[in-house]
Protein chains: 4
Amino acid sequence: MQVDTPVRERVMRAAISLFAAKGFGATSIREIADAAGVTKGGVYHYFESKDDLLFEVYTRMLRMQTSRMRTMADDDSLPLPQRLHAIVADVVETSIANLEEAVVFFQSVHLLAADRQDQVRAERRAYQDRVRDLVAEGQATGVFRTDVPADLIVNYHLGAIHRLGSWYRADGPLTAEQVGTHFADLMLASLRP
Amino acid sequence: MQVDTPVRERVMRAAISLFAAKGFGATSIREIADAAGVTKGGVYHYFESKDDLLFEVYTRMLRMQTSRMRTMADDDSLPLPQRLHAIVADVVETSIANLEEAVVFFQSVHLLAADRQDQVRAERRAYQDRVRDLVAEGQATGVFRTDVPADLIVNYHLGAIHRLGSWYRADGPLTAEQVGTHFADLMLASLRP
Amino acid sequence: MQVDTPVRERVMRAAISLFAAKGFGATSIREIADAAGVTKGGVYHYFESKDDLLFEVYTRMLRMQTSRMRTMADDDSLPLPQRLHAIVADVVETSIANLEEAVVFFQSVHLLAADRQDQVRAERRAYQDRVRDLVAEGQATGVFRTDVPADLIVNYHLGAIHRLGSWYRADGPLTAEQVGTHFADLMLASLRP
Amino acid sequence: MQVDTPVRERVMRAAISLFAAKGFGATSIREIADAAGVTKGGVYHYFESKDDLLFEVYTRMLRMQTSRMRTMADDDSLPLPQRLHAIVADVVETSIANLEEAVVFFQSVHLLAADRQDQVRAERRAYQDRVRDLVAEGQATGVFRTDVPADLIVNYHLGAIHRLGSWYRADGPLTAEQVGTHFADLMLASLRP
DNA sequence: GATGAATGAGAGTTCATTCAT
DNA sequence: AATGAATGAACTCTCATTCAT
C-alpha cells in the first residue's frame, strides 16, 4: 500500500465526492483530475486504474468499520444487548461521518471488477456474520425473540443503516449521535422476546 | 427469451434483467437488443432513449405500489397497527415478486434524466409521507412510541425494505410471504410504546 | 412524370420549406412526413427517395426559369440591352416569388446524387451560356464594354442574383419588382462601354 | 497530406478541403481523420466537436477579411471611389487565395450551432455595414448614383463575390488579380451617377 | 393508397488507458 | 513526478429505406 502524499489524498477525495454526487460510471478521470487540480496523467501516476480508486473506498470503509465492530463485539465487559446497541450506534455514526464514502459504498459495488467485487462481498459477509452471531447468541440466551431468523434480523437492520446516505443530511434536524441512538433503540426494541 | 411475446414487452424485460444484473450504466443498448432478439434500431422503434427504458421501470413500480398502499392506508375497517402491518407485508411481497425491478429501482434513480429524477423522487416522497402520517397518527393516539421521530422511523423501516434486492434469493429458505410477515413484525415490535 | 395529387404536392411543399429552413441534410423524412400530415411510408409512396424530392426542386425551377429566359432572349422585337434588362428583372422576380426553392437551389446542389448533379449543372450551364451569348453579342455590336470577358460578366451578375435568398425578405422595404428593376439597372450600367 | 506539419493544422486543412468538396454535413469525422492521417480520437484531442472545426473556418476568414477591409476603408489618403475599388479587388483576391474556405463560408453558415451562427452573422453584418457606409458616403457627396438604395447595392456586389467559389478555377484563364480588377471595375461602373 | 414495424449502416462523441518525454 | 498527445473501442442515437399487410 502506497503512502499517502497530499496530492494522492486530494485525488482520492475528489474521486469520492464525484462518485457520490454523480455515480462511478458517470464520473470521468478527466473530471477527477480537474477537481483535484492535476492532469489525467497525474491521476494515473497515483492510481493504476479508475477501478483502483473505487476499490480503495471499499478498503478504507470496510477496514475501519470492521475493526471498530470487532472491538466492541469482543468486549465482554458489557451485556450483549448493550454491546449490540453500541455497535449499531457506532456504525451509524461512522457512516454519517463518512457519508460520501457510504453513498458510494452501497451504490457502486456492482461496478467493481469481478474479483474485487467478490473480495468486498466476502468481507462484508464476514461483518454480517459476526453481527448475526451476536443476535443468535442473544436468542440462545433468551434475551432476544426467537420467532424471527437471526439472518433476516441482521439483513433487516443493516439494510436500514445502508440506506442512510439516501436521506440523511448534515444540515437536517438530527445529529449523527441522535440518529445512532434512535436506530439502536429501534433495533433493540424490535428484538424484545 | 420467448419469440412470441410482443416485441416491446420483450425489450422491456430484457432491459430490466440486464439493468438489475449489471447496472444501468454498464448495460448497452446493444446487449438489450441482443437479449430481446431484435436489432438496436428495433429498440429505438419502441423507446425513444435508454433513459425511457429506465423511466418506465419507475413508472410501473411506483404506480403499482403506491396504489396498493393507498388502498390499505385508507381502509378504516382495521385498527391502525394492523393496517401498517398489512402495508409493510404487502410492499415486501410485491417487491419480491418484482425483485429485478426493485433492484433497479433503488440502484439507478440517480442515473435518470434530471427532470424525471425529480418526478420520481416527488412520487416516492408522497409515498413516504403517507406512511409517515400513519405512524404519526399512531403516536398521537398512543399506540406507538413517541420518543423517536416519525420521519426517522419511516426512513428506517422503508430503508430496510429497499435493501431486499441485495440479499433475498427466490431459492433461499424463506418465501415472500414469510419475509413480509417477519418484516412487519419487526417494525411493529420496534414501535411499541 | 407523375401527375400531382394534392397529397403529393403537400409533401413537396413541406420538403421545400424544411430544406430551405434547415438544409437538406438536416431534414429527415420523418419531419417532412409530419409537416405534410402523412406517415413516412406515405412519403415513399409518392417519391422514391429523399434525393428525388430534392431533384424535383431543381427540375421545376430550371425548367421554368430557362423557358422564360429563352422566350425573352429570342424576342427580336426589343433592342438587346432592353432584352437583357427584362431577362434579369424577370429572373429576379421569379426567384423571389419562389424564394424557398431558390434558397434550396443554391445551397444544396452538391448534395444531389452525382449523376443528377451533372444533369443540373449542365442545364444551369446552358442557361448561363445563352445569357453569355447575349452579352457577347452586345460587345460585338458595340453596345457593351469589351474590356471585361463576357463569361466573367455573366458569372458576376448571375452570382449576385443567386444570393438573393440570403438577404431578401418579403416583409422588407422593397418589392420583388423593385429589386428586379434595380438589379437590371445595375447590370446594364456596369456594361456601358 | 504532409506528415511533418503539426497535427492540428493537418486536421484543419483536411476538414476544410472535405467540407468544400462534399459539404459539411456530408463529411464525417472519420473521413477527416483518415485524410489527416490520425484517428478519430486524435481529431477530438484538438477540436471539441465537428462544429468547432467549422467555426474555426469562419473565425479565420472573418478576422482576416474584416481587418483588411477596415484598414483600407479608413485610409483617407485615397478618394472614396478608389478606396472602394481597392477594397473589392482585395476581398476578391483573398477569397480566391483561400477558395476552399470561401466555399465553405457561404455554403455552411446555416449548419453552425445556433449561437455561433448568430455571432458569425453579426460580424458579417458589421462588415457589410461598413461597406454600405462607404457607398452611402459616395451617394451623399454625389460621386455615386442615388436612385438605388445603398443596402441593395452592397448586397448585390458582395453577393457576386460570394459566389466566386462556384465558378472560379485556379487553372482557368484569369488570375486572382485580374478577377479582382474586373469585379471592382464592374462595381464602380454600375455606381456612376 | 397508405401504414408502421423493423433493419443496418453509420454518425458524432466519450473515455480509460498508454507512452514518450 | 508529471504531462499531454494519441489511441481504439465502445457508446447512444439517427435515419433512409424496405416490406408485409
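First the proteins, then the strands, lettered A, B, ... as listed; each starts at 1.
With Phe24(D) as reference, Leu54(D) is the one residue of Leu54(D), Val57(D), Leu53(D) to meet the side-chain contact (heavy atoms from CB on, under 4.5 Å) rule.
By the 6.0 Å contact criterion, CZ on Arg63(B) is open, its count of non-hydrogen atoms from other residues, nucleotides or ligands being 12 or less. Within 6.0 Å of CD in Glu48(B) there are 12 or fewer heavy atoms belonging to other residues, nucleotides or ligands. Remark: Arg121(A) CZ is packed, more than 12 non-hydrogen atoms of other residues, nucleotides or ligands lying under 6.0 Å away.
Nearest-nucleotide positions on DNA chain F for Glu31(B) and Gly42(D) put Gly42(D) closer to the 5' end. Closest-nucleotide positions on DNA chain E for Val7(C) and Gly41(D) were compared, and the one nearer the 5' end corresponds to Val7(C).
The line from NE2 of His110(B) to NZ of Lys22(A) is 11.0 Å long, rounded to the nearest 0.5 Å. Summarising the geometry, atom CG belonging to Leu112(B) is positioned 10.0 Å from atom CG belonging to Asp52(B); distances are rounded to the nearest 0.5 Å. Interatomic distance, Phe55(C) CZ to Leu62(C) CG, rounded to the nearest 0.5 Å: 9.0 Å. Rounding to the nearest 0.5 Å gives a distance of 12.0 Å between OG1 of Thr27(A) and CD1 of Ile16(A). Atom-to-atom distance recorded for Asp34(A):CG and Ile29(A):CD1 is 11.5 Å, nearest 0.5 angstrom.
Ranking dT17(E), dA16(F), dA6(E) by closeness to the Tyr44(C) side chain, first place goes to dA16(F). The nucleotide whose nearest atom lies closest to any side-chain atom of Val38(A) is, among dT17(E), dT3(F), dA5(E), dT3(F). Picking from dT13(E), dC13(F), dG4(E) the nucleotide with the shortest atom distance to the side chain of Thr39(C) gives dG4(E).
Interface residues of residues 12-28 of chain A facing DNA chain E, ordered by number: Thr27(A), Ser28(A); criterion, heavy-atom separation under 4.0 Å. For DNA chain E, none of the residues of residues 103-115 of chain D falls under the heavy-atom distance limit of 4.0 Å.
Whole-Å rounding puts the Phe47(B) CZ to dT12(F) C1' distance at 16 Å. Taking atom CG of Leu54(B) as the reference point, atom C1' of dC13(F) lies 17 Å away to the nearest angstrom. One atom, CD1 of Ile29(B), and another, P of dG12(E), lie 20 Å apart when rounded to the nearest Å. For the pair Arg8(D) CZ and dG4(F) C1', the interatomic distance rounds to 15 Å; values are reported in whole Å. We find that NE2 of His45(B) is positioned 15 Å from C1' of dG8(E), with the value rounded to whole Å. Rounding to whole angstrom units, CG of residue Leu53(C) and C1' of dA16(F) are separated by 12 Å. Atom CZ in Arg30(B) sits about 11 Å away from atom P in dA9(E), given to the nearest Å.
In this model, the phosphate group of dA2(F) is approached by a side-chain N or O of Tyr46(A) to a distance below 4.0 Å at OP1 or OP2.
For a distance-only test at 3.5 Å, the side chain of Lys40(D) fails to qualify as a donor-acceptor partner of the base of dT7(F). Residue-to-nucleotide contacts include no donor-acceptor pair under 3.5 Å from the side chain of Lys50(A) to the base of dT17(E).
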Checklist entry - Which string of ( ) [ ] | and . matches DNA chain F, if you list each base 5' to 3' and count Watson-Crick or G-U pairs only when both distances are under 3.5 Å? => result .||||||||||||||||||||
Next on the checklist: Between Glu9(B) and Arg60(B), is the salt bridge (charged side-chain N to carboxylate O under 4.0 Å, His left out) condition met? List the steps.
Outcome noted: CA-CA 13 Å; Glu9(B) 188 58 24; Arg60(B) 288 188 184 195; 3.2 Å; yes
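Taking both residues in full, the closest heavy atoms of Ser108(B) and Tyr58(B) are given as C-OH, 3.1 Å, listed atom of the first, atom of the second, then distance.
No hydrogens or angles considered: a donor-acceptor pair under 3.5 Å links the side chains of Ser95(A) and Gln65(A).
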